[in-house]
Amino acid sequence: MAMTKELRLTELQGRGRSLVAAQPLKSGQIVLRDSPILLYSALPLLTPSPPPYCDHCFKTLNPQTPISLCPSCSHHRFCSPNCLSAALSSSHTPWVCQSLAKLRNCPSPLSAHPADRQVQARFLIAAYNLSPSSFQLLLTLQGEPQDSAEAQFLHSLISTLCPPPQLFSVELTAALLAKDKLNAFGLMEPPSETGLRSSRAYGIYPKASFFNHDCLPNACRFDYVDEGSTEITVRMIHDVPEGREICLSYFPVNEPYSSRQRTLAEDYGFVCQCDRCKVEANWSDNEEVAEEKGGSAEGMDEDQDQEMGGDLEPEGGSGSDIEAEAQGEVDFPHAYFFVRFMCSRTNCWGTLAPLPPKDDGTSSDVMECNVCGSLKQDEEISGHGQNGISLDG
């Protein structure tokens, strides 16, 4: 698969297919823009009220703007006539519309099943609706099928609907569910004051799916769904040299060690052995709890931008390398990451990355949060001190 000029797809020992820097990369540099081959709602199919999002682009519906309804079912809502027109020829074809309507009809065959199963049914309908080329591309992504009861049930469920436009078998259904589990990216709901936030939709982004995980990532992804784009953009958090693996974090970086390891084992099937996990694996349970309460996890808010001492500049190296060099302490090498690259807004816990470099190639001194979208001046670049200055007014 062709990658960008900034990234090269390669095999790394113990990591599998990986994306590495094809050239020296600057902080804030955009290394990937990727469009989804499919999107589907993250909400259970049997919700009592329609979701507040467009059923095609998943932009938040404006109550002051007229919405467009599906002419066949009048259940699915779209933010504009253009989105409706695009959906009718792609994501909301007659087969999709009829299939979803049958699953919603009372009594629904999904009524006794958990919300996750309803979302999986949405995914399978979206997947079997793909064009042949996109369907084959989806099947090339990582994820080994398992002979599970859920695959058997969902296959029998889909078989009761109108014949899918794709080849259809229980083996394919199991394979599709495996691809979805390992490769789906969540498009998040707008931030709330409580910090509780869940996905509005899931998407399969074929190029972005090759990013491996690191608990101290050197890149992070941004989405701008409410600005009318379903693309995801991946930007560098700090400089890295050519040949270094580029990694994302699969969840907020404030997650404690036990939670991270459990999620990665259950959802992705591996044990993380990044530098941060190697350090935290040696901590006692009490030390980990103290870390969470003391500022590296849930307790990190306005106090996170404390003075760290020293004028530290991340030049090259992975996230873990930078933290170890910056702190010079083997017991807490990632404290620097939390101070500089974690959003200080209460209940946010997003990751900060600089805006793209300026026209002359110099790094921007403005950091953007990939969760709440807030902007903050990076004093390590601007030279104005250690405490972050909000630029949001």
Open item on the list: In terms of relative ring orientation, are Y250 and H213 parallel, tilted or perpendicular, with 30° and 60° separating the classes?
Closed with: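 It falls in the tilted class, 30° to 60°.
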Path from [X] to [Y] over hydrophobic side-chain contacts below 4.5 Å:
X: L12; Y: M3; answer: no
X: L248; Y: F251; answer: no
X: I232; Y: L9; answer: yes
X: I158; Y: L100; answer: yes
X: V225; Y: V371; answer: no

Can you tell me how far the [atom1] atom of [X] sits from the [atom2] atom of [Y], to the nearest 0.5 Å?
X: F153; Y: H113; atom1: CZ; atom2: NE2; value: 3.0 Å
X: T160; Y: K102; atom1: OG1; atom2: NZ; value: 7.5 Å
X: N212; Y: S249; atom1: CG; atom2: OG; value: 12.5 Å
X: H92; Y: S85; atom1: NE2; atom2: OG; value: 13.0 Å
X: L25; Y: I246; atom1: CG; atom2: CD1; value: 5.0 Å
X: C54; Y: K59; atom1: SG; atom2: NZ; value: 9.0 Å

Side-chain contact, heavy-atom cut-off 4.5 Å: [X] with [Y]?
X: M236; Y: K26; result: no
X: Y53; Y: D55; result: no
X: K207; Y: S35; result: no
X: L32; Y: L7; result: yes
X: I237; Y: L352; result: no
X: V271; Y: Q261; result: yes
X: L103; Y: P109; result: yes
X: P81; Y: S68; result: yes

- [ ] Check the pair L154, R117 against side chain to side chain contact (heavy atoms under 4.5 Å, CB included), reporting the backbone distance first and the verdict last.
- [x] CA-CA 8 Å; L154 288 165; R117 200 74 70 248; 4.0 Å; yes
Closest non-hydrogen atom pair between [X] and [Y], with its separation:
X: D34; Y: P206; answer: OD2-N, 3.4 Å
X: P44; Y: R122; answer: O-NH2, 3.4 Å
X: P71; Y: L84; answer: CD-CD1, 4.1 Å
X: L161; Y: S99; answer: CD1-CB, 3.6 Å
X: F58; Y: L39; answer: CE1-CB, 3.8 Å
X: C247; Y: D214; answer: CB-CB, 3.6 Å

Main-chain N/O of [Y] paired with [X] side-chain donor or acceptor, under 3.5 Å:
X: N183; Y: L141; value: no
X: R276; Y: C215; value: yes
X: N218; Y: D239; value: no
X: T140; Y: L137; value: yes
X: S259; Y: E255; value: no
X: T4; Y: V31; value: yes
X: T93; Y: S89; value: no
X: E242; Y: Q23; value: no
X: S111; Y: S108; value: yes

Task: Working for side chain to side chain contact (heavy atoms under 4.5 Å, CB included), residues L138 and I204 - done: CA-CA 8 Å; L138 175 57; I204 303 293; 3.9 Å; yes
Open item on the list: Please determine whether a side-chain nitrogen of the Lys or Arg among E280 and R260 lies less than 4.0 Å from a carboxylate oxygen of the Asp or Glu.
Closed with: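 The answer is yes: the pair qualifies as a salt bridge.
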Task: R200 and D226 ion-paired at < 4.0 Å - done: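 Judged by the 4.0 Å cut-off on N to carboxylate O distance, R200 and D226 do form a salt bridge.
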Open item on the list: Is the distance from the ring center of F123 to that of Y202 below 6.0 Å?
Closed with: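 No; Y202 has its ring centre 6.0 Å or more from that of F123.
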Task: Ring centre gap for F78 and H56 strictly below 6.0 Å - done: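 Between F78 and H56, the centre distance exceeds or equals 6.0 Å.
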Is the number of heavy atoms from other residues, nucleotides or ligands within 6.0 Å of [atom1] ([X]) greater than 12?
X: R17; atom1: CZ; answer: yes
X: D359; atom1: CG; answer: no
X: E144; atom1: CD; answer: no

Task: Sequence neighbours excluded, every pair satisfying salt bridge (Lys or Arg N to Asp or Glu O under 4.0 Å) that has a member inside residues 159-183 - done: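 Matches after skipping sequence neighbours: none remain.
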Task: From T60, L61, L43, residue fulfilling side chain to side chain contact (heavy atoms under 4.5 Å, CB included) relative to P51 - done: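 It is L43, the one option of T60, L61, L43 that forms the side chain to side chain contact (heavy atoms under 4.5 Å, CB included) with P51.
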TODO: Scan side-chain atoms only and decide if E227 and S229 contain a donor-acceptor pair under the 3.5 Å cut-off.
DONE: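 Their side chains do not contain a donor-acceptor pair, so the 3.5 Å distance test is not met.
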Open item on the list: For T10 and S18, which I'm curious about, is there any donor-acceptor pair between the side chains at under 3.5 Å?
Closed with: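 Judged by distance alone, the side chains do not pair up.
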TODO: Could you walk me through whether R262 and L264 pass the side chain to side chain contact (heavy atoms under 4.5 Å, CB included) test, one step at a time?
DONE: CA-CA 6 Å; R262 182 172 58 252; L264 292 171; over 6 Å; no
TODO: Decide whether a cation-pi geometry holds between R235 and F222; the criteria are a distance under 6.0 Å from NZ or CZ to the six-membered ring centre and an angle within 45° of the ring axis.
DONE: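 The answer is yes, since R235 meets both limits relative to F222.
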TODO: Under the side chain to side chain donor-acceptor pair (under 3.5 Å) rule, what do S80 and N82 come out as? Steps first, then yes or no, please.
DONE: CA-CA 5 Å; S80 68; N82 286 341; 5.0 Å; no
Task: For F168, the option from F135, W95, Y128 that meets ring-ring contact (aromatic ring centres under 6.0 Å, His included) - done: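 In the set F135, W95, Y128, the residue that makes a ring-ring contact (aromatic ring centres under 6.0 Å, His included) with F168 is Y128.
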Task: Check against side chain to side chain donor-acceptor pair (under 3.5 Å), S159 and S156 - done: CA-CA 5 Å; S159 66; S156 64; 5.5 Å; no
- [ ] Under the side chain to side chain contact (heavy atoms under 4.5 Å, CB included) rule, what do R244 and V20 come out as? Steps first, then yes or no, please.
- [x] CA-CA 5 Å; R244 183 63 49 82; V20 301; over 6 Å; no
